[in-house]
Amino acid sequence: MKITDIQTIEVIGHGYSTYVRIYTDEGLTGTGECIHGRSASPAIINDMKEMLINQDPMNVDRLFEMIRRAYIFDGALAGNVISALSGIEIALWDLVGKATNLPVYQLLGGKFRDKIRLYSDCGGSMDNPESCGKKAKEVVNMGFNAIKFDIDDSKNPYKIDAWNWSVTPGEVQSMVDKVSAVRESVGPNVDIAVDMHGRYDTSSAIRVAKAMEPFNLMWLEEPVPPENVDAMREVKRSTSTPICAGENLFLRYGFRELIEKQAVDVIMPDIPKCCGLSEGRKIANMAEIYYIAMAPHNVCGPLGTIASCHVCASIPNFLVLEWHWLGRKHWDELVITEKPVIENGYITLSDKPGLGVEINPEGVKKYLKPGTKFFD
Ligand code: MG
């Protein structure tokens, strides 16, 4: 089997997704989704196409590494080049699954679990503790047993200014009030994560992490920016609140120091953005030997989310996968499905070949980036 063509489409969902379709001389196709590369992704994928034409699509890891090394002078350490390559890699796995009549999780070594637990992001900072508590209850009533809130609020009246990364006592108290209202609303058995988006300095992060200890959080996310691993480790060592980071890191190399220094309790690679499925599994395996759990970041539509689920199924140290489409009604429209993709806060993996799901042309066409077209 030989690759004969690669095409992309641009779809607006929660974010800017690029879908990649790989065509072969045997008529089989594979489709992937990558995220966060904006209009760079289709351009980069089109540029990579030349290297892939006439290649055997069955050699997924080899093709990934061939392109990564070829683009090393063009930015392949991290960023848009890797996001584009991740979309290609996911499409290759879908294709190989169809060619072998096996689900992708089987090709990744088999599954530890049939159902993948999701947490729902509950949206940006709510105005007040009452609205946070109410929103948390609504989401738990949808079936989710894990939720996430943002607690960094640029409009907080107690903030010093928009640029200073020091937390004030008033700001800490308003964070505590919100998380307290959420814990009270959902009870003791729901997992709660809170995100600070790396917008605080080290001593501020430690103050917030310690203030969160009574609420038994699933994690506190990026209390400091992820690039200073020693600062992250200092926060982690100062508190019993679990610390999570990594949504903007790329490849094993990007996670190496964070994992080796045991600077976090949980890592959160965004698989369709930072690495693809094979590399995602390798990152999880690195984390596993340090007893670090993996909870992938994810803002993809159903195709990219299900691609991430295949990795989540194939690793022992999976904790929970993000879902970030609350309030966006077209989630189920984007794929061909007889039942909702998410049921009671879980995705059950299909045993169909490849990713086990196909995009729905009619649904997807409604959400194409204006002025762009669907696959030929
Ligand atoms: Mg985050």
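Model, not experiment: these values are computed from the prediction. Position 1 is the first residue of the sequence, and the numbers go up from there. First listed ligand is number 1; within each ligand, the first listed atom is number 1. Side chains included, hydrogens not; waters and symmetry mates left out as well; all remaining heavy atoms used.
Minimum-distance N/O/S atom of E247 relative to the Mg ion (ligand 1): OE1. D195 contributes OD2 as its N, O or S atom closest to the Mg ion (ligand 1).
D153 and S174 share no donor-acceptor pair across their side chains, judged by distance under 3.5 Å alone. Side-chain polar atoms of Y367 and E333 form a donor-acceptor pair below 3.5 angstrom.
Among the atoms of D150, no N, O or S atom is found under 2.8 Å from the Mg ion (ligand 1). Residue E221: an N/O/S atom is found under 2.8 Å from the Mg ion (ligand 1).
Relative to the ring axis of Y119, K148 does not place its NZ or CZ within 45° and under 6.0 Å from the centre.
With respect to E26 and K98, no salt bridge is recorded, no charged nitrogen being found less than 4.0 Å from a carboxylate O.
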